[in-house]
Amino acid sequence: MSELPLIIVNPASAGGATRDRWAQAASAMCAHFGPFQCAFTKAAGDARAIANGAARAGHRLIIACGGDGTIHEVVNGILESQSDTVELG
């Protein structure tokens, strides 16, 4: 089990504003959560695959950083992993 939260970031969300504001958001998340791991999506379906792998690897908290599509993919990736120990943020 990984105790570090995983943040799955879609840098293209909000018309690229997520990419432009990521440094500020990462600083705020670090202040709140402490250390965390981060994975950036590059194409459609990436968030689903990353979330599925992370849940199977034992991440307890997975945070979706993006829009509706990113959240949808992350939720489906977690559900497909059949892990019952994952929290979504």
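Quantities reported herein were computed from a predicted structural model and do not represent experimental measurements.
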Among Ile, Leu, Val, Met, Phe, Trp and Tyr joined by side-chain contacts under 4.5 Å, find the other residues sharing a cluster with Leu4 and list them by chain and number. none

Pairs where residues 27-36 contributes a residue and the test side chain to side chain donor-acceptor pair (under 3.5 Å) is met, not counting sequence neighbours: none

Salt bridge (charged side-chain N to carboxylate O under 4.0 Å, His left out) contacts touching residues 10-22 (sequence neighbours left out): none

Separation between CG of Leu6 and CD1 of Ile62, rounded to the nearest 0.5 Å: 6.0 Å

Kindly indicate, with the supporting measurements, whether the criterion side-chain contact (heavy atoms from CB on, under 4.5 Å) is fulfilled by Val75 and Leu88. CA-CA 8 Å; Val75 166; Leu88 172 66; 3.3 Å; yes

Pair listing, side chain to side chain donor-acceptor pair (under 3.5 Å) test, anchored in residues 64-73, at least two apart: Asn10-Thr70, His72-Asn76

Expected list for residues 34-57: side-chain donor-acceptor pairs under 3.5 angstrom, two or more places apart:
unit_1, atom_1, unit_2, atom_2, d
Gln37, OE1, His59, NE2, 3.1
Thr41, OG1, Val9, O, 3.4
Asp46, OD2, Lys42, N, 2.7
Asp46, OD2, Ala43, N, 2.8
Arg48, NE, Glu80, OE1, 3.2
Arg48, NE, Glu80, OE2, 2.9
Arg48, NH2, Glu80, OE2, 2.3
Asn52, OD1, Arg56, NE, 2.6
Asn52, ND2, Gly77, O, 3.4

Contacts of Ala14 that satisfy side chain to side chain contact (heavy atoms under 4.5 Å, CB included) - sequence neighbours left out: Ala17, Thr18

Same cluster for Ile7 and Ile78 if Ile/Leu/Val/Met/Phe/Trp/Tyr side chains link at under 4.5 Å? no

Step by step, would you call Arg60 with Glu87 a side-chain contact (heavy atoms from CB on, under 4.5 Å)? CA-CA 6 Å; Arg60 297 169 96 196; Glu87 293 180 56; 5.8 Å; no

Heavy-atom pair of closest approach, residues Gly67 and Ser13: N-CB, 3.8 Å

Does Phe33 share a hydrophobic cluster with Trp22, counting links as ILVMFWY side-chain heavy atoms below 4.5 Å and allowing steps through other members? yes

Roughly how far, to the nearest 0.5 Å, is the CD atom of Glu3 from the CG atom of Leu61? 10.5 Å

